[in-house]
Amino acid sequence: MQIPFSESQTRLNLMRAFAGESQARNRYTFAAAQASQAKLHVIEAVFQYTASQELAHAKVFYDLLKELNGQNVTVDGTYPVEVLTEVLPLLRRAQHNEFEEFDPVYPQFGEMAAKEGFSQAAAAFRQIAKIEKTHGERFGQFAQWMESGRLFASETPTKWVCLNCGHIVESTEAPHSCPVCAHPQGYFIRQAYAPYTMGVTQA
Ligand SMILES: [Fe+2]
Ligand SMILES: [Fe+2]
(Lines give C-alpha, C1' and ligand atoms only; values in the text may rest on other atoms or scores of the structure.)
(Ligands and ions follow the chains in the order given, each with its own letter.)
Protein backbone atom coordinates (compact mmCIF):
# COMPACT_ATOMS: atom_id res chain seq x y z
CA MET A 1 0.00 0.00 0.00
CA GLN A 2 1.25 3.43 -0.91
CA ILE A 3 1.20 6.28 1.60
CA PRO A 4 0.78 9.91 0.38
CA PHE A 5 4.10 11.00 -1.13
CA SER A 6 3.88 14.40 0.56
CA GLU A 7 3.90 12.67 3.96
CA SER A 8 6.48 10.05 3.13
CA GLN A 9 9.97 9.53 4.46
CA THR A 10 10.91 8.69 0.87
CA ARG A 11 10.43 12.25 -0.33
CA LEU A 12 12.95 13.36 2.33
CA ASN A 13 15.37 10.60 1.37
CA LEU A 14 15.08 11.55 -2.30
CA MET A 15 15.87 15.16 -1.46
CA ARG A 16 18.82 14.04 0.71
CA ALA A 17 20.07 11.88 -2.14
CA PHE A 18 19.65 14.75 -4.61
CA ALA A 19 21.67 17.01 -2.28
CA GLY A 20 24.31 14.33 -1.74
CA GLU A 21 24.71 13.61 -5.46
CA SER A 22 24.86 17.30 -6.30
CA GLN A 23 27.56 17.85 -3.71
CA ALA A 24 29.51 14.80 -4.86
CA ARG A 25 29.46 16.14 -8.39
CA ASN A 26 30.91 19.44 -7.19
CA ARG A 27 33.49 17.80 -4.91
CA TYR A 28 34.71 15.63 -7.80
CA THR A 29 34.87 18.62 -10.11
CA PHE A 30 37.02 20.42 -7.52
CA ALA A 31 39.13 17.28 -7.08
CA ALA A 32 39.59 17.05 -10.86
CA ALA A 33 41.06 20.56 -10.82
CA GLN A 34 43.46 19.57 -8.02
CA ALA A 35 44.54 16.50 -10.00
CA SER A 36 45.05 18.66 -13.07
CA GLN A 37 47.28 21.02 -11.07
CA ALA A 38 49.29 18.01 -9.92
CA LYS A 39 49.58 16.97 -13.60
CA LEU A 40 47.76 13.73 -12.82
CA HIS A 41 45.45 14.06 -15.79
CA VAL A 42 44.33 10.46 -15.60
CA ILE A 43 43.00 11.08 -12.08
CA GLU A 44 41.46 14.32 -13.32
CA ALA A 45 39.62 12.25 -15.97
CA VAL A 46 38.45 9.71 -13.38
CA PHE A 47 37.03 12.47 -11.19
CA GLN A 48 35.36 14.20 -14.16
CA TYR A 49 33.92 10.95 -15.47
CA THR A 50 32.50 10.11 -12.05
CA ALA A 51 31.22 13.67 -11.53
CA SER A 52 29.16 13.36 -14.70
CA GLN A 53 27.60 10.15 -13.39
CA GLU A 54 26.73 11.85 -10.09
CA LEU A 55 24.92 14.49 -12.14
CA ALA A 56 22.95 11.69 -13.78
CA HIS A 57 22.10 10.20 -10.38
CA ALA A 58 21.02 13.61 -9.09
CA LYS A 59 18.63 13.88 -12.03
CA VAL A 60 17.09 10.45 -11.38
CA PHE A 61 16.37 11.39 -7.75
CA TYR A 62 15.23 14.90 -8.62
CA ASP A 63 12.80 13.66 -11.24
CA LEU A 64 11.25 11.31 -8.69
CA LEU A 65 10.32 14.39 -6.61
CA LYS A 66 8.24 15.93 -9.41
CA GLU A 67 4.95 15.36 -7.60
CA LEU A 68 6.04 18.13 -5.22
CA ASN A 69 6.65 20.66 -8.00
CA GLY A 70 6.56 24.22 -6.69
CA GLN A 71 6.96 23.18 -3.06
CA ASN A 72 9.96 23.20 -0.78
CA VAL A 73 11.21 20.11 0.98
CA THR A 74 13.06 20.68 4.24
CA VAL A 75 15.67 18.09 5.20
CA ASP A 76 18.62 17.78 7.49
CA GLY A 77 21.56 15.68 6.51
CA THR A 78 25.22 14.94 7.13
CA TYR A 79 27.63 15.90 4.39
CA PRO A 80 31.44 15.72 4.30
CA VAL A 81 33.84 18.65 4.29
CA GLU A 82 36.90 17.72 2.28
CA VAL A 83 38.86 20.78 1.31
CA LEU A 84 42.06 18.93 0.49
CA THR A 85 44.86 19.77 -1.89
CA GLU A 86 46.57 16.37 -2.12
CA VAL A 87 45.21 13.98 -4.71
CA LEU A 88 45.67 10.72 -2.82
CA PRO A 89 43.53 11.65 0.20
CA LEU A 90 40.92 13.05 -2.20
CA LEU A 91 40.73 9.61 -3.83
CA ARG A 92 40.55 7.82 -0.50
CA ARG A 93 37.82 10.14 0.85
CA ALA A 94 35.84 9.75 -2.37
CA GLN A 95 36.18 5.96 -2.06
CA HIS A 96 34.93 6.12 1.54
CA ASN A 97 31.91 8.24 0.64
CA GLU A 98 30.96 6.03 -2.30
CA PHE A 99 31.08 2.91 -0.17
CA GLU A 100 28.94 4.61 2.46
CA GLU A 101 26.26 5.33 -0.16
CA PHE A 102 26.53 1.74 -1.39
CA ASP A 103 26.10 0.44 2.14
CA PRO A 104 24.23 1.42 4.27
CA VAL A 105 22.69 4.69 3.02
CA TYR A 106 20.99 3.86 -0.30
CA PRO A 107 19.89 0.33 0.66
CA GLN A 108 18.19 1.82 3.74
CA PHE A 109 16.50 4.47 1.58
CA GLY A 110 15.49 1.72 -0.84
CA GLU A 111 13.95 -0.39 1.91
CA MET A 112 11.96 2.56 3.21
CA ALA A 113 10.72 3.39 -0.30
CA ALA A 114 9.60 -0.21 -0.81
CA LYS A 115 7.87 -0.20 2.58
CA GLU A 116 6.07 3.03 1.73
CA GLY A 117 5.01 1.65 -1.65
CA PHE A 118 7.25 3.71 -3.97
CA SER A 119 8.66 0.98 -6.16
CA GLN A 120 10.34 3.28 -8.68
CA ALA A 121 12.22 5.12 -5.95
CA ALA A 122 13.10 1.80 -4.32
CA ALA A 123 14.56 0.55 -7.60
CA ALA A 124 16.50 3.78 -8.14
CA PHE A 125 18.10 3.59 -4.70
CA ARG A 126 18.99 -0.07 -5.16
CA GLN A 127 20.41 0.34 -8.65
CA ILE A 128 22.36 3.51 -7.91
CA ALA A 129 23.78 1.89 -4.74
CA LYS A 130 25.39 -0.72 -6.99
CA ILE A 131 26.88 1.97 -9.23
CA GLU A 132 28.36 3.73 -6.21
CA LYS A 133 30.15 0.51 -5.36
CA THR A 134 31.89 0.60 -8.75
CA HIS A 135 32.78 4.25 -8.13
CA GLY A 136 34.28 3.35 -4.76
CA GLU A 137 36.24 0.48 -6.24
CA ARG A 138 37.62 2.62 -9.07
CA PHE A 139 38.73 5.40 -6.73
CA GLY A 140 40.29 2.79 -4.46
CA GLN A 141 42.11 1.13 -7.35
CA PHE A 142 43.67 4.41 -8.48
CA ALA A 143 44.59 5.28 -4.88
CA GLN A 144 46.28 1.91 -4.52
CA TRP A 145 48.26 2.40 -7.73
CA MET A 146 49.37 5.83 -6.50
CA GLU A 147 50.40 4.44 -3.12
CA SER A 148 52.43 1.64 -4.68
CA GLY A 149 54.03 3.77 -7.41
CA ARG A 150 52.11 1.91 -10.11
CA LEU A 151 49.89 4.61 -11.51
CA PHE A 152 52.01 4.55 -14.68
CA ALA A 153 53.84 1.26 -14.22
CA SER A 154 52.91 -2.38 -14.18
CA GLU A 155 54.81 -5.60 -13.45
CA THR A 156 53.58 -7.19 -16.65
CA PRO A 157 53.33 -5.59 -20.12
CA THR A 158 50.16 -3.54 -20.16
CA LYS A 159 48.34 -1.53 -22.78
CA TRP A 160 48.33 2.18 -21.98
CA VAL A 161 46.07 4.68 -23.75
CA CYS A 162 46.86 8.37 -24.10
CA LEU A 163 43.74 10.19 -22.94
CA ASN A 164 44.58 13.07 -25.24
CA CYS A 165 45.08 11.42 -28.64
CA GLY A 166 44.14 7.77 -28.06
CA HIS A 167 47.56 6.34 -28.89
CA ILE A 168 48.07 2.88 -27.37
CA VAL A 169 51.41 1.57 -26.13
CA GLU A 170 52.11 -1.85 -24.66
CA SER A 171 54.81 -1.72 -22.03
CA THR A 172 55.52 -2.14 -18.33
CA GLU A 173 55.58 1.65 -18.07
CA ALA A 174 53.53 4.38 -19.69
CA PRO A 175 55.72 6.60 -21.94
CA HIS A 176 57.13 9.73 -20.32
CA SER A 177 55.61 11.62 -23.18
CA CYS A 178 53.20 10.40 -25.82
CA PRO A 179 55.11 9.59 -29.06
CA VAL A 180 52.17 10.90 -31.10
CA CYS A 181 50.91 14.04 -29.35
CA ALA A 182 53.74 14.70 -26.85
CA HIS A 183 51.38 14.96 -23.91
CA PRO A 184 53.10 13.93 -20.65
CA GLN A 185 52.82 10.63 -18.82
CA GLY A 186 50.02 11.99 -16.64
CA TYR A 187 47.63 11.45 -19.55
CA PHE A 188 48.10 7.68 -19.75
CA ILE A 189 45.56 5.22 -18.41
CA ARG A 190 45.49 1.43 -18.45
CA GLN A 191 43.38 0.53 -21.47
CA ALA A 192 41.15 -1.66 -19.30
CA TYR A 193 40.16 1.46 -17.35
CA ALA A 194 39.72 3.78 -20.29
CA PRO A 195 36.11 4.61 -21.05
CA TYR A 196 34.75 3.42 -24.38
CA THR A 197 37.38 0.77 -25.02
CA MET A 198 36.10 -2.63 -26.06
CA GLY A 199 37.28 -6.18 -25.77
CA VAL A 200 40.22 -5.59 -23.49
CA THR A 201 41.20 -7.52 -20.43
CA GLN A 202 42.48 -5.86 -17.31
CA ALA A 203 46.24 -5.97 -16.91
FE1 LIG B 1 25.88 8.96 -7.26
FE1 LIG C 1 29.24 7.77 -7.00
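Start at 1 and go down the list; that is how both ligands and their atoms are numbered. Since the model is a prediction, treat every value here as computed from it, not as a measurement. Note that these values count all heavy atoms, side chains included, but never hydrogens, waters or copies made by symmetry.
Here His135 contributes ND1 and Glu54 contributes OE2, and at the Fe ion (ligand 2) these two atoms make an angle of 90°, given to 10°. Here the angle centred on the Fe ion (ligand 1), running from OE2 of Glu21 over to OE2 of Glu132, is 80°, rounded to 10°.
Residue contacts to the Fe ion (ligand 2): His57 brings no N, O or S atom closer than 2.8 Å. Taking 2.8 Å as the criterion, Glu101 does not count as a coordinating residue of the Fe ion (ligand 2), since none of its N, O or S atoms falls below it. For the Fe ion (ligand 2), the set of nearby N, O or S atoms under 2.8 Å includes one belonging to Glu98.
When the side-chain hydrogen bond (donor to acceptor under 3.5 Å, both in side chains) test is applied to Gln185, the partners found at least two apart in sequence or on another chain are Glu173.
Summarising the geometry of Val87 relative to Ala35, their closest heavy-atom pair is CG2-CA, 3.7 Å, with the distance given to 0.1 Å. Contact record, Leu90 with Glu82: CD2-O, 4.2 Å, taken as the closest heavy-atom pair.
No side-chain donor from either of His135 and Glu101 sits under 3.5 Å from a side-chain acceptor of the other.
Surrounding CD of Gln120 are at most 12 heavy atoms belonging to other residues, nucleotides or ligands under 6.0 Å away.
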